[in-house]
Asker: 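Here it is, the structure, as structure tokens.
A note on names: the letters A, B, ... follow the listed sequences, proteins ahead of strands, and every chain is numbered from 1. Being a predicted model, the structure only gives us computed values, none of them experimental.
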Protein chains: 2
Amino acid sequence: MKIATWNVNSIRARQQQVRDWLQENPVDVLCLQETKVVDQDFPRAPFEQLGYHLYVSGQKAYNGVAILSRTPVEEVSTGFSPIVGDTQARDFDQQKRVICGTVGEVCIVNLYVPNGSSVGSDKYDYKLRWLKVLREYLQILKAKSPGAMCVCGDFNVAPENRDIHDPSDKESHIMASPAEREALQEVLAIGLADTFRKFTSEGGHYSWWDYRTRAFRGNRGWRIDHHYLTPDLYERATNCKIDILPRKLPKPSDHTPVIVEF
Amino acid sequence: MKIATWNVNSIRARQQQVRDWLQENPVDVLCLQETKVVDQDFPRAPFEQLGYHLYVSGQKAYNGVAILSRTPVEEVSTGFSPIVGDTQARDFDQQKRVICGTVGEVCIVNLYVPNGSSVGSDKYDYKLRWLKVLREYLQILKAKSPGAMCVCGDFNVAPENRDIHDPSDKESHIMASPAEREALQEVLAIGLADTFRKFTSEGGHYSWWDYRTRAFRGNRGWRIDHHYLTPDLYERATNCKIDILPRKLPKPSDHTPVIVEF
DNA sequence: GCCAGAGTAG
DNA sequence: CTACTCTGGC
């Protein structure tokens with residue numbers, strides 16, 4: 001089974017690129033982030049024509065997640081509150097950043113973690129609080145679902161220094177600050193492991209390059225899109241690769257797909 | 001001598017198409033409307049390289065007119081106020097819609113008449129008042145210049161029913177309402193004649209097709225781009241043609257060029 | 001800086 | 001439908 005994650009930075013702007021990529025890479029499941037479209041306007045037909053079932057949770061202009069799957073997805077739910085159920089979770093669900101469902105015996109969670117803007121900002125605080133709720137959410141989901149879990153998406157956190165082109169002076173940089181790295185580690189402590197690092201130890205592998213400053217040309221990137229697996233699944237994983245080709249196209253997303261296989 | 005008029009709907013978006021067209025159609029003078037660029041940012045070099053002198057009067061985002069000429073243009077002036085000189089004219093000149101100059105013994109006036117939005121609107125009122133000032137402007141210009149006159153551009157008025165694909169129910173439609181047609185006729189009454197109609201009497205010839213509703217595909221167009229000539233010049237005119245080829249290109253202007261020859 | 005979307009105009 | 005500005009995210 002192949003599961004890919006890709007922050008497409010608008011599904012309407014990237015429709016053709018995502019279609020082309022799926023034809024070259026007929027993964028079983030594709031998790032999208034930053035679809036930037038309300039559910040009603042999501043371009044479903046182009047992907048249904050390629051044989052995918054679609055499950056979307058979007059909003060106007062910002063955020064938005066979607067799962068595309070070759071087989072129907074069971075028990076689909078969107079947002080934190082159907083699982084966590086409190087009013088805090090309901091507040092967070094105003095931003096469409098979470099969708100999950102079960103394919104076969106695997107529970108797939110597709111996330112778009114808040115970016116956080118800059119360390120110390122209100123949005124940074126929101127990101128840290130969001131990650132706390134995420135931990136709760138995943139813990140409950142894990143207890144509920146007996147099988148394996150794949151938690152993937154755009155985490156907006158580079159877990160280690162080897163996940164950044166130039167780690168110097170990045171302690172106070174968003175996506176690399178100690179507090180968010182620790183918040184991510186507390187999420188993973190429920191029993192999730194970084195699949196990319198099962199296969200690749202060295203640095204220089206990234207999934208996001210800033211549109212500014214010709215970051216892609218100089219490979220000044222960040223590895224912030226991840227697949228986290230529960231132990232059984234992690235053991236069964238046979239591959240985890242970043243496909244940088246879509247980032248080379250004209251008018252690309254600033255992220256590129258990451259694919260796990262097990 | 002060949003004089004063309006073309007509403008290009010942004011010279012920056014249409015630069016290559018206008019260049020290509022000029023190489024195929026090396027007219028003596030090309031009058032452009034809706035250049036949509038301030039004079040400082042007008043792409044002069046690409047047209048100078050083709051051997052044209054440029055005279056521009058533009059603004060940010062909207063309107064804007066330009067004259068391109070193989071030979072230098074004398075006595076260039078922009079707006080109503082240098083000719084008409086009152087405060088009302090100065091108000092109208094905030095929108096860049098008028099440029100004129102002399103080539104040989106011909107006074108060429110290049111106009112972008114206000115669209116008027118919809119009959120009865122504030123913009124419609126503005127259009128009617130603008131046409132009144134235009135009449136004054138042309139009258140003074142005619143008295144000043146002893147020679148011939150060519151008044152061309154986007155008039156945003158279809159003078160007769162044969163200038164519209166489907167004239168039914170168009171009495172209350174912008175560009176065909178009685179008041180604007182009458183206002184145009186009062187302008188022409190100073191002694192100007194519609195050159196296209198010297199050569200072609202039947203309907204079905206248009207210079208503008210709405211981007212919406214696939215109007216071009218069905219030839220549901222309007223003839224709103226005109227060359228009006230003073231009597232001598234009208235007599236000497238040997239041809240007046242609409243070139244629909246540019247409207248067939250990908251990403252076209254909604255207007256296509258009209259060329260007069262005398 | 002380089003993208004999006006929203007709004008505006010035609 | 002196509003262009004523009006503006007705003008805002010990253």
Asker: Supply the atom-to-atom distance A:Ser207 OG to A:Trp6 CH2, rounded to the nearest 0.5 angstrom.
Answerer: 12.5 Å

Asker: Do B:Asp163 and B:Arg197 meet the salt-bridge criterion of a basic N to acidic O distance under 4.0 Å?
Answerer: yes

Asker: Quick one: A:Arg220 CZ to C:dG1 P, roughly how many Å, whole number?
Answerer: 14 Å

Asker: In the 5'-to-3' direction, what one-character label does each nucleotide of nucleotides 3-10 of chain C receive under the scheme B = base within less than 4.0 Å of a protein heavy atom, S = sugar-phosphate only, - = no such atom?
Answerer: SSSS--SB

Asker: List for me each residue that meets ring-ring contact (aromatic ring centres under 6.0 Å, His included) alongside A:Tyr55, sequence neighbours excluded, and say none if there are none.
Answerer: none

Asker: Would you please name every residue forming a ring-ring contact (aromatic ring centres under 6.0 Å, His included) with A:Phe216, sequence neighbours left out?
Answerer: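 A:Phe216 satisfies ring-ring contact (aromatic ring centres under 6.0 Å, His included) with A:Trp209 only.
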
Asker: Roughly, in whole Å, what's the span from CD in B:Gln33 to P in D:dA3?
Answerer: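 After rounding, the gap between these two atoms is 17 Å.
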
Asker: Do the side chains of B:Phe155 and B:Met175 get nearer than 4.5 Å, heavy atoms only?
Answerer: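 No, side chains not in contact.
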
